[in-house]
Structures are given as C-alpha cells and as structure tokens.
> 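This is the structure I want to talk about, given as structure tokens.
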Amino acid sequence: MPMSASNAWTIRALVLGAFAVTVWLCGPSAMTALASRFAPSEHKSPPVELDRVGFVERPEWLTPPLLLAVSTALSPWLSGQLGLLDDAEARQLREQLATVPWVREVLIERQFPDRLRLRCGLRRPVLAVRAGDGTPLCLVDQGGVMLPWVDTELPLVRLHAEGGRPSMTVVAGERAPDRRVSAAAAIAVEWREQLAPLVPQCPPLLEIDTTNLGERWVQGPEYPEVRVLLGRGDGAPVVFGYGRPVDSPLPRVPVQVKATVLGQVLAKHPRLDGLVAGDLRFARRWADYLQPRAPGVPDPNGPWKELPLPR
C-alpha cells in the first residue's frame, strides 16, 4: 500500500531521531534556479519539494515522544511543492506553520542558488497539567501557552475543580486561563534554570502544588502558597514548602536560600531517604520542619496533611 506523504514525513523524523529546528528544503538544480532568477519572463519559479527535509539539529529537550508530536503537527504543511522564488507561496507557508501550537515563530530564507532554509522556533513545554482526578489536560510552555498533551517526565500541576466547576478548557495555542497553571509554569522554569544547578544531585521535581495560591484556602506559614513535590530515592514524593509565586508582589525567599536548605537536607538525608516533608524557606530552622517517616508509612498529623481541597 503506498505510504502517504504525511506518514512518510513522520517516519523519516523517527528514523533520523532528530527534529529540524533548522531544516534545509532542497530545491532544483542551480542552473534552473539561476535561470529563473535572471530571466523570469522565460522560466517559471522552480519548485522545492517540501517533504524533502534534511534534519540539522535537535534541542536536547525534544525527547522522542515530543519529537513525534511536533513532527505529526507539522507534517500537513510540509508536503507538496513551493516555488523557490514565489514570495506569496512562502508567505502562505509561513502563516500556515504559525498556526501550529508548537511553533513560536517561523523564518523562511532563500539560499541561492537552489535552496530554502526554514527555521521554526518551537515552544518548549515546561509543565504537564492534569485535572484533579488525574485526567491529562495539556502541556504548557513558560509563558503559559497550552500545547497538546504528550506523555513526558515534566513536572506536574493538578487542577482541582472549584465550586463544582469543571477543570479549565484547553485550547491549544492559547494561554491557560487558570492562574494556577501560569504560576506553576514559572516555578518549573525557576527550578530548572536557577535552583537545580545550585544543588549537586538535585532530586527530580515531580509536582508543583498551587492549590493554595493567594492563600485562598488556608493562611499561615504551615501552608505556603506554593509547595513542591520532589522525588525520593525510592521514587516516593517528598513535600516541601516553597513559598510565594514568582510574580508575587510580596517578598520572596531567595532561590539561593532554598538551594542551600535543600543541600543541607540532602547532606542529612541522602536522596531524601526516610523523609515525607520539609520546608525550603527557613535558612536556620529547616531541620525543625523535616518529617522523617519509614518508607510507606504516611503521616496522619502535622503541618503537611493535605489541604482542604475544593469540591
């Protein structure tokens, strides 16, 4: 059975194992292109086959599942032909690619005599969003733009329904309307770019809990606006107080302080073994907030019991 252009393009991406943030669209022979350029009245604009894509580079964050998702989304537009010298067709292709939620910006350049260079700036997902019951909703980039769901190892935020209303409506390519999502995305970026590099063998960030954003449900230092769940050596989550969101108008505990506290916790409890909770906000009293527990034994009391979730 003949293979469709869309399927062929996707499979090619998987075989090569690298997505073209910059790709070469190979065109006709140099002589044909030059003839069209300098004698346009006698020669039509030579066509470029859009599915003849050469992959140049792949960002390190573009894992195979994300590669497949992006390739599949782009494939409908990377088929057929494009006139090498046709500005209108190039503009139309650029506009079509810009409708793909994964694409942040598109640049098409002629590389004479016989090539086009297509550069797609991609939105990098930083957070996975699920409903309170665990239903997958979407991924979001650091600006809170919603992207199609893909199974990844990104940190997670859960959106518990409020007042009986359903979770947020997902429209890929638009900004998430729920502030809990944008706040969690900013924390995910801050953790990856600022905190984690300061902590040797930093535990993985599993989840960001923004349920109490704005101290909506509980006030007091025992329930910060944001909590983070880090991966223990055995895979179990350990809950840590994190503090206020990145855009808070109120003072925040510096990232360096939180990184220092986490390093001290790890020195006392390597891989966070034996812990269920702690707090990264207190430079001097951090040990008072540690809750050691044997693996598999929950803590029914204490400051880190679950928040009263909305119904």
Side-chain angles (χ1 to χ4, degrees), residues 126-130 132 140-144 154-160 162 176 178-232 236-269 272 275-293 299 301-310:
V126 300
L127 185 73
V129 184
R130 290 182 181 266
V140 294
D141 72 354
Q142 66 179 26
L154 291 171
L156 170 70
V157 66
R158 300 178 192 271
L159 300 183
H160 298 279
E162 298 184 358
D178 196 311
R179 184 169 176 262
R180 292 173 294 177
V181 174
S182 56
I187 294 294
V189 174
E190 180 178 76
W191 185 277
R192 184 192 73 218
E193 296 183 353
Q194 300 182 40
L195 193 149
L198 298 177
V199 182
Q201 298 181 333
C202 186
L205 176 61
L206 303 181
E207 185 171 340
I208 302 167
D209 181 359
T210 53
T211 303
N212 200 39
L213 200 62
E215 296 186 325
R216 181 170 185 176
W217 300 103
V218 183
Q219 295 183 351
E222 294 181 350
Y223 292 97
E225 290 187 64
V226 179
R227 304 188 298 179
V228 294
L229 281 68
L230 307 184
R232 201 166 62 183
V238 181
V239 183
F240 283 91
Y242 194 80
R244 298 188 174 103
V246 172
D247 62 353
S248 175
L250 300 174
R252 301 181 71 228
V253 177
V255 170
Q256 292 80 0
V257 171
K258 297 172 185 174
T260 299
V261 170
L262 182 55
Q264 292 172 323
V265 172
L266 288 168
K268 186 174 182 178
H269 295 270
L272 303 180
L275 292 180
V276 294
D279 203 304
L280 302 179
R281 297 172 294 166
F282 303 107
R284 296 184 179 181
R285 295 185 295 119
W286 59 268
D288 296 339
Y289 285 82
L290 294 182
Q291 290 193 15
R293 290 290 181 278
D299 178 21
N301 303 303
W304 292 114
K305 57 183 180 294
E306 288 296 324
L307 287 171
L309 297 177

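Here the structure is a predicted model, which is why all the values come from computation and not from measurement. In this chain, numbering begins with 1 at the start of the sequence shown.
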> I need the minimum non-hydrogen distance between Cys202 and Leu262, along with the two atoms involved.
SG-CD2, 4.0 Å

> Between Gly231 and Pro203, which heavy-atom pair has the shortest distance, and what is it?
O-CB, 3.6 Å

> With sequence neighbours left out, write down each residue that passes side-chain hydrogen bond (donor to acceptor under 3.5 Å, both in side chains) with Gln264, or none if nothing qualifies.
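Scan of Gln264 (side-chain hydrogen bond (donor to acceptor under 3.5 Å, both in side chains), adjacent residues dropped) gives Trp286.
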
> State whether the side chain of Arg180 and the backbone N or O of His160 hold a donor-acceptor pair below 3.5 Å, judged by distance alone.
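Looks like yes, one N/O pair under 3.5 Å.
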
> Test of understanding: with side-chain contact (heavy atoms from CB on, under 4.5 Å), list the residues that count as partners of Glu207, not counting sequence neighbours.
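Leu156, Arg158, Leu229.
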
> List the atom of Ala185, the atom of Val140, and the distance in Å for their closest heavy-atom pair.
CB-CG2, 4.2 Å

> Looking at side-chain heavy atoms only, is the closest gap between Thr210 and Ile187 below 4.5 Å?
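No, their side chains stay 4.5 Å or more apart.
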
> Locate the shortest heavy-atom distance separating Pro224 from Gly243; write the atom from each residue and the value.
CB-N, 3.9 Å

> Without swapping roles, check the side chain of Asp178 against the backbone of Leu159 for a donor-acceptor pair under 3.5 Å.
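A pair under 3.5 Å: no.
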
> Using side-chain contact (heavy atoms from CB on, under 4.5 Å) as the criterion, list what pairs up with Arg192, not counting sequence neighbours.
Arg124, Val126, Val189

> Are Val239 and Asp209 close enough that some pair of their side-chain heavy atoms sits under 4.5 Å apart?
no

> Of all the heavy-atom pairs spanning Val257 and Ala283, show the shortest one and how long it is.
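Closest approach of Val257 to Ala283, heavy atoms only: CG1-CB, 3.9 Å.
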
> So, the side chain of Asn212 versus the backbone of Val218: is there a donor-acceptor pair under 3.5 Å, distance only?
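Yes; at least one donor-acceptor contact below 3.5 Å.
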
> Kindly write out the residues that satisfy salt bridge (Lys or Arg N to Asp or Glu O under 4.0 Å) with Arg252, not counting sequence neighbours, or none if the list is empty.
Glu190

> Give, for atom OH of Tyr242 and atom CG of Leu230, the distance between the pair rounded to the nearest 0.5 Å.
10.0 Å

> Measure the spacing between CG of Leu154 and CG of Leu206 and express it to the nearest 0.5 Å.
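Between atom CG of Leu154 and atom CG of Leu206 there are 12.0 Å.
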
> Not counting sequence neighbours, list each pair that qualifies as a salt bridge (Lys or Arg N to Asp or Glu O under 4.0 Å) and has a residue in residues 258-268.
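Found none.
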
> Output all residues satisfying side-chain contact (heavy atoms from CB on, under 4.5 Å) with Ser182, sequence neighbours left out; order by chain, then residue number.
Arg179

> Do Val261 and Val253 pass the side chain to side chain contact (heavy atoms under 4.5 Å, CB included) test, and can you show the C-alpha distance, the side-chain angles, and the key distance before you say yes or no?
CA-CA 11 Å; Val261 170; Val253 177; over 6 Å; no

> Taking C-beta and beyond as the side chain, do Leu205 and Val228 meet within less than 4.5 Å on heavy atoms?
yes

> Could you list the residues that satisfy side-chain contact (heavy atoms from CB on, under 4.5 Å) with Ala236, not counting sequence neighbours?
Arg232, Asp234

> Would you confirm whether Arg244, through its side chain, and Glu225, through its main-chain N or O, come within 3.5 Å as a donor-acceptor pair?
no

> Output the distance between atom CG (Leu198) and atom OG1 (Thr260), rounded to the nearest 0.5 Å.
7.5 Å

> Using side-chain hydrogen bond (donor to acceptor under 3.5 Å, both in side chains) as the criterion, list what pairs up with Arg285, not counting sequence neighbours.
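Only Tyr289 meet the side-chain hydrogen bond (donor to acceptor under 3.5 Å, both in side chains) criterion with Arg285.
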
> Where do Ile208 and Ala184 come nearest, in terms of heavy atoms and distance?
CD1-O, 3.2 Å

> Within this structure, what is the CZ-CG distance for the pair Phe240 and Leu272, rounded to the nearest 0.5 Å?
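If we round to the nearest 0.5 Å, Phe240:CZ and Leu272:CG are 5.0 Å apart.
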
